[in-house]
2 protein chains.
Amino acid sequence: MNSEPDWDLYRSFAAVLREGSLSGAARSLGLTQPSVARHVDALEAAIGTTLFLRTQRGLSPTDAALRLKPHVEALVATSAALLRAAADHAGQVRGTVRISASEVVGVEHLPPILAELRRRHPALGIELVLSNSIDDLLGRQADIAIRMVEPVQQALVTRKVGAVEVGLHARRDYLDRCGVPETMEALAGYDLIGFDAETPAIRAMAGRYPMLRRRLFALCADSDLAQLAAIRAGFGIGFCQVQVARRSPELVRVLEHDCAIELGLWIVMHEDLRASASCRAAFDALAAGLGAIARG
Amino acid sequence: MNSEPDWDLYRSFAAVLREGSLSGAARSLGLTQPSVARHVDALEAAIGTTLFLRTQRGLSPTDAALRLKPHVEALVATSAALLRAAADHAGQVRGTVRISASEVVGVEHLPPILAELRRRHPALGIELVLSNSIDDLLGRQADIAIRMVEPVQQALVTRKVGAVEVGLHARRDYLDRCGVPETMEALAGYDLIGFDAETPAIRAMAGRYPMLRRRLFALCADSDLAQLAAIRAGFGIGFCQVQVARRSPELVRVLEHDCAIELGLWIVMHEDLRASASCRAAFDALAAGLGAIARG
DNA sequence: GTTCTGCTATACGGAAATAGATGAACTCGG
DNA sequence: CCGAGTTCATCTATTTCCGTATAGCAGAAC
């Protein structure tokens, strides 16, 4: 435990964590199994900790290895971001841009925007990371993120492109069958579709509409796509963006005047990427496309 | 430009960027100059871009290299964070914790807190990063940060420990000489000490007190320490935390009822570090110490 | 002008890491 | 019960990489 380990050891360590075995890691890295084994040994010697328990069925990480896991994953993500940036030659729009968005935005809003972006820049590859829970810019897992909360960090380039309105919706035949709720309190008698996890947006919503307690929900799903699908399937009443619901003629908004949540829509990018022509092009395309959606 | 470059090449690249020469980089890495030269050549070949212009007086980075600079700096910071985490053995409070804070917090509030923390955990090293401008957690430049704005990211562990009040202060003899301002508008006739750059906190302040336009400031300084020093030197009237000013008997608050800014005080940590005994100990010590300060 | 110090580029021998092959242990499925 | 398919560990030949030494060049000090 003296000098800094070679960074290559980290890469092998990450591969072993990811693949679960020396052989698998070697395959994924294009190395041979003994090489990866020596890397792991060297890293363990360097930091003075056992990282894996060797079994005949693979290597199982120790607690110490699990503690280090987020860090090497950050290294992996950062080196990937570096390679993306390196592919961005001299102001040309080419290479690959990674975009992070919530599932429903990625599925409902982005496809036409990205198609248009691709048509204008045929050499630009696009990677889409859909997740509702992860802060993708923190670990450089994405170059550009679409957010529903205002970013406060200075190291980020942000642009507010408008707002989306979230309201309660249900399928028409469900309302025909069960009736249309007239008050928020009456919702307790319906099949409500709601969230499971805690995110800032959900906490804010729960604060505004205390009658929507979690145990009232007939179906809890973290995935907003699953919620949307449940609404479309006629399961019951749930939240969804009015811009999305408007496209489905069978969906009807309920309690429009009692329950309306306006969520801002921000596009966020690392300040470092401002010089990248590819990221700027994607950023501007997202701003234009999402702005048009927000305006209706 | 086929397969991924060795990560060691990134390390050498970062060192050359930092040191400005192959020889300097080699010294700082404990390698020799030809090795680093080979690394740079290999990296240039791998990404297909010239990274440095070779001169007799060192290597000067090209635009491409400057674009990649933030990324390799993130790699450096992350690998350092990984090493810190690796030194954290089995729940013991030892190793090193990096704490980021604003200058005035680091100078005025933290020293006794850190001294107490160190007394209780003699094996724990502390690194203090004082900066007013950088988002240190983004690039893992710090393990724990003290913030004046509420963090919104889910991947962070945050605790609000109270609030500090910021008000206008001046030295007693300055007020004796120039008189005590009775209204906010009257401030225009005094020697005002203010900010130069734009931070969220400053923007909020400027919004609340529009009469404090930037061109009114007789002395602009980004460093809040410099502002505090100017106030203490009797330069004029400026902003400073009341908890700080209270310790200097020669400082007097002015316009107490007309100008009072309450800033929340949050301690923020990466979620990944929750398992680290060292970071937890530091986090708790900061929460206790700053909480006591916020309460007066 | 000379010398000294900094830098990069190149050539070459040796050490170190790598690939490849082999063996042993274990799991799974018929 | 046994064979196919994993896995990791060990050994050796080879390739790769690193360090030493040297040359060449530019600027600063004397």
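Every chain is numbered from 1, with letters handed out A, B, ... down the list of sequences. Please read these numbers as outputs of a predicted model, since none were measured by experiment.
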**Fill in**
Testing C/dT8, D/dC11, D/dC8 for proximity to the side chain of A/Arg54, the answer is D/dC8
**Message:** Can you measure A/Leu43 atom CG to C/dA17 atom P for me and round it to whole angstrom units?
**Reply:** 14 Å
**Approximate separation, where rounding is to 0.5 Å, of B/Leu128 CG and B/Ile99 CD1** = 6.5 Å
**Request:** When you get a sec, tell me which of D/dT20, C/dT8, C/dG20 is the closest nucleotide to the side chain of B/Thr32?
**Result:** D/dT20
**Item:** Any A/Arg27 side-chain nitrogen or oxygen under 4.0 Å from OP1 or OP2 of D/dT7
**Value:** yes
**Fill in**
Separation of C/dA16 atom P from B/Arg38 atom CZ, nearest Å, is 15 Å
**Fill in**
Whole-Å distance, B/Asp8 CG to C/dT18 C1', equals 15 Å
**Asked** Quick one: A/Leu53 CG to D/dC8 C1', roughly how many Å, whole number?
**Response** 14 Å
**Request:** Round to a whole Å and report the spacing from CZ of A/Arg11 to C1' of C/dA17.
**Result:** 14 Å
**Request:** Select one nucleotide: of D/dC8, C/dT18, D/dG19, the one nearest the side-chain heavy atoms of A/His39.
**Result:** C/dT18
**Prompt:** Of all the choices, D/dA9, D/dC18, D/dT7, which nucleotide is nearest to the side chain of A/Gln33 once you look at every atom?
**Reply:** D/dA9
**Request:** With heavy atoms under 4.0 Å as the rule, sort A/Gly30 into base, sugar-phosphate or nothing.
**Result:** sugar-phosphate
**Asked** Between B/Leu29 (CG) and D/dC17 (C1'), how many Å, whole number?
**Response** 16 Å
**Message:** Measuring to OP1 and OP2 of D/dG19, would you say a side-chain N or O of B/Ser35 lies under 4.0 angstrom away?
**Reply:** yes
**Item:** Interatomic distance, A/Asp41 CG vs C/dT18 P [rounded to whole Å]
**Value:** 12 Å
**Which nucleotide in C/dA11, D/dC11, D/dT7 has an atom nearest any side-chain atom of B/Pro34** = C/dA11
**Asked** Can you tell me how far C1' of C/dT8 sits from CD of B/Glu44, to the nearest Å?
**Response** 13 Å
**Message:** Does B/Leu83 form a side-chain contact (heavy atoms from CB on, under 4.5 Å) with A/Glu4? I'd like the steps, not just the answer.
**Reply:** CA-CA 8 Å; B/Leu83 277 184; A/Glu4 189 187 358; 3.8 Å; yes
**Request:** Answer yes when A/Lys69 and B/Asp272 have at least one side-chain N-carboxylate O distance shorter than 4.0 Å, and no when they do not.
**Result:** no
**Request:** Could you work out which one of D/dG19, C/dT8, D/dC8 sits closest to the side chain of B/Ser23?
**Result:** C/dT8
**Prompt:** Is B/Leu53 close to B/Leu59 at the side-chain level, that is, under 4.5 Å between some pair of heavy atoms?
**Reply:** no
**Message:** Using the rule given for side-chain contact (heavy atoms from CB on, under 4.5 Å), can you reason through B/Arg18 versus B/Ser28, listing the C-alpha separation, both sets of side-chain angles and the distance that settles it, and then say yes or no?
**Reply:** CA-CA 10 Å; B/Arg18 175 163 28 93; B/Ser28 109; 3.5 Å; yes
